[in-house]
Amino acid sequence: MPDKFLLAGKEFTSRLIIGTGKYRSHEEMKAAHVASGAEMVTVAVNRVPLDRKTESFLDHLNPSMQILPNTAGCYDADHAIRTARLAREALDTEWIKLEVIGDPVTLLPDNEQTLEAAKVLVAEGFIVLPYFTDDLIMAKKLLDAGCPAVMPLAAPIGSGMGVQNPSNLRIMREQLPDATIIVDAGVGVPSDAAIAMELGADAILMNTAIAEAGDAPAMATAMKLAVQAGRLGYLSGRMPKRLYASASSPLAGAIK
């Protein structure tokens, strides 16, 4: 892609951020990561032995990738803040994907607790990437709190339902033209990724859509191409929608 993806002062060539959970083996995960072309990988801090005394997927990550620890499994701001601090100590990074869940069934985020945690972590020097519902007002509040990007969901985590509220993402893009918007959660197939990018997302984070595919590396390749296609489509500017037909070969000037 000719245009670079800048996030918190760091430059990436890939606009696809990949996860580490649900793979059937470490080898499959590594193959999918390579196929995806991703340069950033998210790691659930609460689900991995950070002391490295036992083998985990941490031992199979490409060291060139930017590690993005996440606070998955946290249900209040205090727990998320403690988890972020633990991640910084164990993984030696200021980057954190902030995730505060509000409901154990839908796994929808608690926006208020997320904002509360974001304010504390930003003040402590973290690079906070918050996961939240696709709410414009909350996006503004998180950006005002000092988050370098916002991560609205497309659909509930792991649902694979695709972008459920395209108008919300489009409005967010139009109202926050200078913000970095990363669509997170709910992508199921490559067309979902392309749609999110066509709506103006700067990047997409996904895990389940690739990890649970029948052929994870092949799906990772498909997602990489979909993200690239969607980005090019957005930059190109779509044709206007029309109520009536418009001939591909206009008759004006035609030989009669």
Side-chain angles (χ1 to χ4, degrees), residues 1-7 10-24 28-42 61-62 64-66 68 70 97 129 131-134 149-174 176-177 179-239 241:
M1 293 290 289
D3 65 319
K4 304 295 183 181
F5 175 43
L6 294 173
L7 182 57
K10 186 166 184 176
E11 184 178 283
F12 300 90
T13 57
S14 173
R15 292 175 180 269
L16 175 59
I17 303 169
I18 201 164
T20 51
K22 301 183 178 180
Y23 287 98
R24 289 164 283 255
E28 181 184 56
M29 182 193 74
K30 288 193 292 184
H33 284 186
V34 171
S36 73
E39 298 162 297
M40 186 184 304
V41 59
T42 186
L61 296 180
N62 185 330
S64 68
M65 299 180 82
Q66 171 68 54
L68 177 63
N70 70 61
K97 178 197 166 187
L129 307 182
Y131 164 70
F132 68 114
T133 55
D134 50 349
V150 288
M151 304 181 75
L153 56 77
I157 294 172
S159 68
M161 293 193 297
V163 179
Q164 293 297 291
N165 297 300
S167 296
N168 286 6
L169 294 181
R170 182 179 175 185
I171 290 170
M172 196 178 296
R173 177 74 288 163
E174 291 182 356
L176 302 171
T180 299
I181 299 173
I182 303 170
V183 169
D184 178 19
V187 169
V189 291
S191 57
D192 297 333
I195 288 170
M197 296 301 292
E198 289 167 7
L199 289 169
D202 293 287
I204 297 181
L205 188 154
M206 69 178 73
N207 181 75
T208 305
I210 294 175
E212 288 192 353
D215 186 331
M219 183 60 80
T221 299
M223 290 297 188
K224 174 180 69 175
L225 297 174
V227 168
Q228 292 175 353
R231 176 65 177 173
L232 284 172
Y234 174 73
L235 294 177
S236 300
R238 65 156 293 140
M239 62 166 283
K241 291 184 178 181

Problem set entry | Taking every non-hydrogen atom, the tightest pair across A196 and I204 | CB-CD1, 3.7 Å
Exercise. Checking K97 against Y131: charged group under 6.0 Å from the ring centre and within 45 degrees of the axis?
Worked result: yes
Problem set entry | L68 and L129, any side-chain heavy atoms less than 4.5 Å apart | yes
Exercise. Quick one: does M65's side chain get under 4.5 Å of M40's, heavy atoms only?
Worked result: no
For this session: May I ask you to test the V183-M151 pair for a side-chain heavy-atom distance under 4.5 Å?
Result: no
Problem set entry | V41 vs T20 side-chain heavy atoms within contact, under 4.5 Å | yes
For this session: Would you check if the side chain of N165 reaches a backbone N or O of N168 as a donor-acceptor pair within less than 3.5 Å?
Result: no
For this session: Verify side-chain contact (heavy atoms from CB on, under 4.5 Å) between F5 and T180, making sure each step is shown before the conclusion.
Result: CA-CA 9 Å; F5 175 43; T180 299; 3.8 Å; yes
For this session: Give a yes or no on whether the backbone of A155 and the side-chain of S159 come within a donor-acceptor separation of less than 3.5 Å.
Result: no
Exercise. Does a salt bridge link D202 with R173, judged by any charged N lying under 4.0 Å from a carboxylate O?
Worked result: yes
Exercise. So how far is it from S191 OG to E198 CD, rounded to the nearest 0.5 Å?
Worked result: 9.5 Å
Exercise. Is the shortest heavy-atom distance from the side chain of F132 to the side chain of P152 under 4.5 Å?
Worked result: yes
Exercise. If you round to the nearest 0.5 Å, how far is CD of E212 from CE of M219?
Worked result: 11.0 Å
Exercise. Is any side-chain heavy atom of Y234 less than 4.5 Å from a side-chain heavy atom of L199?
Worked result: no
Problem set entry | Heavy-atom closest pair, residues P190 and A226 | O-CB, 3.2 Å
Exercise. Shortest non-hydrogen contact from L16 to S14?
Worked result: N-OG, 3.1 Å
For this session: State the CE-CZ distance between M29 and R24, to the nearest 0.5 angstrom.
Result: 13.5 Å
Exercise. Under 3.5 Å, is there a donor-acceptor pair between the side chain of E39 and the main chain of T13?
Worked result: yes
Exercise. Any side-chain heavy-atom pair from I17 and I182 closer than 4.5 angstrom?
Worked result: yes
Exercise. Nearest heavy-atom pair of A193 and M223: which atoms, and what distance?
Worked result: CB-SD, 4.1 Å
Problem set entry | D134 side chain vs L169 backbone, donor-acceptor pair below 3.5 Å | no
For this session: Decide yes or no on side-chain contact (heavy atoms from CB on, under 4.5 Å) for M161 and D192, but give the supporting numbers first.
Result: CA-CA 8 Å; M161 293 193 297; D192 297 333; over 6 Å; no
Exercise. Under 3.5 Å, is there a donor-acceptor pair between the S36 and K224 side chains?
Worked result: no
Exercise. Taking C-beta and beyond as the side chain, do Y23 and I210 meet within less than 4.5 Å on heavy atoms?
Worked result: yes
Exercise. Which value, rounded to the nearest 0.5 Å, describes the distance between M206 atom CE and T42 atom OG1?
Worked result: 13.5 Å
For this session: Mark yes or no for whether R15, through its side chain, and M197, through its backbone, hold a donor-acceptor pair below 3.5 Å.
Result: no
